Structures are given as structure tokens and as C-alpha cells.
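A quick note: this is a predicted structure, and the numbers were derived from the prediction, not measured. Quick note: numbers below take in every heavy atom, side chains included, and nothing from hydrogens, waters or symmetry partners. Labels below follow one simple rule: chain letters A, B, ... track the order of the sequence lines, proteins then strands, and each chain is numbered from 1.
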Protein chains: 2
Amino acid sequence: MPRSLKTAEIEKNSHLDYFNIAVSVDCVIFGYDNKELKVLLIKSDLEEFTGLWSLLGDLVRLDEDIESAPYRVLKERTGLDDVYLDQVYTFGDLGRHPSGRVITTAYYSLIDIKHQLKLTHNELHWHKVNDIRKLAFDHKNILDRSLERLREQVMEHPIIFNLLPEKFSLRELQDLYQAILGVNLDRRNFRKKIAHKDWLLDLDEMENDVPHRPGKLYKAKTQFRKNPGKRKTNRAEARSLID
Amino acid sequence: MPRSLKTAEIEKNSHLDYFNIAVSVDCVIFGYDNKELKVLLIKSDLEEFTGLWSLLGDLVRLDEDIESAPYRVLKERTGLDDVYLDQVYTFGDLGRHPSGRVITTAYYSLIDIKHQLKLTHNELHWHKVNDIRKLAFDHKNILDRSLERLREQVMEHPIIFNLLPEKFSLRELQDLYQAILGVNLDRRNFRKKIAHKDWLLDLDEMENDVPHRPGKLYKAKTQFRKNPGKRKTNRAEARSLID
DNA sequence: ATTTAATGTGTCGTAAGTACATATTTACTA
DNA sequence: TAGTAAATATGTACTTACGACACATTAAAT
């Protein structure tokens, strides 16, 4: 039996009961601003966690695929549509939710703070990922795992562009990589590596809002995958692992 | 509402009902024998899938962590203890289970067929992964994803040794890699790469059961992680992604 | 003794990773 | 308008990893 479950709380949380496991999704919504990686959080609505922030989540509905749930949550809470989402991990320890037995599947999302978001809900706030020490539930753990996954994915797949406006300079791109990976990169080597990936389209345009020599502007050439649910095995990838 | 859900079926499957999502785990149990990657399957017990095989799974109990469930399933069905398990993905499409709404979290497991398994259940059978075309439920999809994950993990982490007996030769190890990755590898380059990883302990022993020049025997030096639930981010890994 | 079938290295060309320096362009300001 | 500051843009040399490839060695079987 869940630890801190009392009858009063069951009534308060009518969607939870003693006899079933509830299924939820939580969204780790990453954004990038002012050279910092951010995550969108909401004030926790549970007494146990007053003052703490939490991820955006909801119970999975009986009539929706689990993959649809995080899209719905993002749409409902932020108005965002057509975002990049990837499943990270499913968390289901006994004590993770004080109101009952809830298993949650975490998704992370990459969005462009500046151009995409209209915050409809004033309890939502962007937080610097690096400054976060504690969150409600096990959400700090979920955040850590999501960041870990983001770091793994970001050099292998052309997904990082979801965090940037359509047009960006190589400096902006490098700053973003540095914010995500938490390391400084050599500019010349970084550019060689990016050039080699063939992800960028040279727009033949220049920055015009910088107080120094403007850089060239690029846009992402590659189509990012928006629905990661059903992937194909890539034989070539497997091969490159060894020989 | 689930597609093919009828009252009769609900009665037959008393653990499922109209009003809640059920949570299960499925185990993709990999083994290795005769130069082939195998997976342990059980005959499906559902009418809809008579004649088809399925993964070993069970509903998650109300009083166990989700991570504990696959360990329990393995213990109950095969007697296996202390195995390597890793969570792969959570599948939750509406129509995936004919008897109701069931969301399942897939784990893959690596075990040594020869020395560990006492099949207690005579409906269990090892199947060649390469020969599997169709499984019950969405289990073929789950198997594909698990194999994909195994292929990704197997060069990065010293987990492959869970599929081998304690002592093994480099040839056996290479054969196993080839079975998993589905490619042939150059022996010299393979050995260089493995040597470079510093995963092996030279036992100063020789094979003695082979009809040709015997090779040296090795054992795994590295401790495999048995409980992958809570990983730490590795700063050095992140750095190596860029430069 | 010869054959067979594997083990156990080494080399060389190529590609990628890493450390590092100089010239160039624009905005700013004095 | 000339000089300065700050960033862009690019190249080279070193080292390490990858990939294709060949030959000598060892033990078992005949």
C-alpha cells in the first residue's frame, strides 16, 4: 500500500484509488534563453509540496495513446503544437506520489522560447536548469534523466534546432551546445564538426542585431523527427559501432 | 474505449476493467547459443493469439516498484535471479491489448542460457531472434525496439558478458557481437577495439574443448550494472561528444 | 609428418579529433 | 575619420581511431 495515502486524500484526488495503479505522463519542457538551458515548471498543487515546483503532467486518458498524452498536455498548458517530443523513461517507485500509486512516463520536449510560447497559465515559469536543486515528487530525478538523455541525443541527431529560432548564427548554436553539455567548446573544432554533419543550410544572410561583426545566418537543413514513437533500426548505425 | 473489448472478455480477464488503465511489464529475455541470438518466449494464453508466442510479462502489483516487477517475472517464470535488466520503452497504444487498456513497460534482460536457466515452465521456448516474424500483441514491435537498444548499448557498456559463461575466448565474444549486430567483423580490428576498452581479464588459461588450436580464456573485468534504475550523468561522456 | 583450422599479431592509408594562431570584418568611440 | 574592441572566419600540424589487409604460429586430427 502507498505510504501516505489517507481517505481524505483519496477524496481530494478523485482520480486515484486504493485498488489501481494510475498512469500519468510528465513533460520536461526545455527552452533556451540568454545562454542558459531552461525548463518550464508549474507550482505544485499538492499540500505536501507547497512552495515546490513540478513538471507539467497529467493522467493518461482511457481513450488516448500514451504518446498522445504529452502532446495534449503541452497543447493544453502552453498552446504549443507540433513540438519535438521524445520518451525518456518510466518511473514507478512505490512512494513517488503521496496521494497514491502513480506510474509516470517522462517525455522531454524542445521548444523555442522566444517565438513559440504564449503562457496561458500564470503559474508557469521558466527556470534555469542549473539552478534547480529540488522539485516536487521525484521530478528532480526525472529532470536529471531527461537532461542526460538530451545530452546523449543532441550530437547524434539534428534535434537541437528545435530550441532555436528559424535563423541562427554558428555562435548561437555553439552557445546552445555549451549550455546543454555544460562544457566549453573550441570554436574552430566545433565548426568543423558541425559542417561535417551537413545539418545546416547557409542562408547568405547576416546577423544585424549584434554590437560587433555579424556572423552568417543558417537554418536547419534536416527534418527533425516529430514523432519518435516508432523508429526503424538502422543497420548502418549498428555497423559503425564496431567497424 | 478499447476496440475489441466485450463483456465476456472482461469476465475472462478479471484483472482488467473498463475504467482504468492496467500497467504491465514485459521482459525481452535474450540468450545466446550456437552462434545465434535467442529470445525466451511463452505460448500466448489468449484466444485471439492462439498459436502465437509472446514475451513474458505480468501486471505490476500495487505493492511493488515497477522496476521490481520484471525481476519478479524472471524469478517466477525461470527461477533466474540477479540478472541484468534494462528498461527499454513504454508502449501504450489504445489497441495494443485485445482485452482492455494495458500499458506496458518493456525491459530487456541478458542471461547465460547454458549455466543459468532451469526451465520450470514447459510452455517456454528459446527462439532465434532472426527467425521471428510475428508475435502476439505488439510484442514484435517491442522485441525490435529492445534489440535496437541492445545494439546501441553493447559497444558502449560492458554488458555483453551477461550472455556468456564466466570464461570465454575472444572468438566466442566476437561471434556473440556478430550475432547481436548482424554483421561480420574483422577479427584483428575487433581484437584491437576490445583490448582498447580494458574490459577483459586475461586468465592465463586455454580453451580445451575445441578441435583446433585453443584460444586464451578471458573473464569480464568490469562490474556490470545490475540495477540500471538510477544512473548518474557522466560529465566525461558528454564532453567526448563534441571534442 | 602433413594437413587443417583456428589463434595471434603488424602495417599502412585514411578519417576524425585536438590544440593552437592569425587575418578579417564590423560597430563603436574619441 | 582613424583607431580600438570584439567577434567572425579559417588553416595547420599532431595525435588517435578506424578499416582493409597478410603472414607466421599453434594444436588437433589424420
Please tabulate the protein-to-nucleotide N/O contacts below 3.5 Å involving nucleotides 15-17 of chain D, giving atom names and distances.
residue : atom : partner  : partner atom : Å
D:dA17  : OP1  : B:His196 : NE2          : 3.2

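- The salt bridge (Lys or Arg N to Asp or Glu O under 4.0 Å) contacts involving residues 163-183 of chain A comprise A:Lys35-A:Asp175, A:Glu166-A:Lys219, A:Lys167-A:Glu205, A:Arg171-A:Glu207, where partners must be two or more places apart or lie in separate chains.
- Here A:Arg171 reaches the OP1 or OP2 of D:dT8: one of its side-chain N or O atoms lies under 4.0 Å away.
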* Where along nucleotides 21-30 of chain D does protein come under 4.0 Å, by heavy atom, of base (B) or sugar-phosphate alone (S), with - for untouched nucleotides? -> BB--BBSS--
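- Here B:Tyr32 pairs with nothing under the ring-ring contact (aromatic ring centres under 6.0 Å, His included) rule; sequence neighbours left out.
- Every side chain to side chain contact (heavy atoms under 4.5 Å, CB included) that A:Asp202 has, sequence neighbours left out, goes to A:Asp204, A:Lys216, A:Tyr218.
- Remark: B:Ala69 engages B:Val25, B:Val60, B:Glu64, B:Arg72 in a side chain to side chain contact (heavy atoms under 4.5 Å, CB included) (not counting sequence neighbours).
- Rounding to whole angstrom units, CG of residue A:Asn208 and P of C:dT25 are separated by 19 Å.
- For the pair A:Lys216 NZ and C:dT25 P, the interatomic distance rounds to 13 Å; values are reported in whole Å.
- Distance, A:Asp202 CG to D:dT8 P: 15 Å, rounded to whole Å.
- In this structure, the side chain to side chain contact (heavy atoms under 4.5 Å, CB included) partners of B:Lys192, at least two apart in sequence or on a different chain, are B:Asn189.
- Rounded to whole angstrom, the span from the CG atom of A:Asp198 across to the P atom of C:dA15 amounts to 17 Å.
- For B:Ile132, the side chain to side chain contact (heavy atoms under 4.5 Å, CB included) partners are B:Val39, B:Leu41, B:His127, B:Leu135, B:Lys140, B:Leu143, not counting sequence neighbours.
- Under the 30°/60° scheme for interplanar angles, the aromatic rings of B:Trp199 and B:Phe161 are found to stand perpendicular.
- Rounding to whole angstrom units, CD1 of residue A:Ile194 and C1' of D:dT8 are separated by 17 Å.
- For the pair A:Lys197 NZ and C:dA16 C1', the interatomic distance rounds to 11 Å; values are reported in whole Å.
- Going from atom CZ of A:Phe190 over to atom P of C:dA19 covers 16 Å, rounded to whole Å.
- One can place CZ of A:Arg191 at 18 Å from P of C:dT18, the figure rounded to the nearest angstrom.
- Residues B:Lys75 and B:Leu80 form no side-chain contact, since every pair of their non-hydrogen atoms from C-beta on lies 4.5 Å or further apart.
- Shown here are the side chain to side chain donor-acceptor pair (under 3.5 Å) partners of B:Ser24, two or more places apart in sequence or in another chain: B:Thr104.
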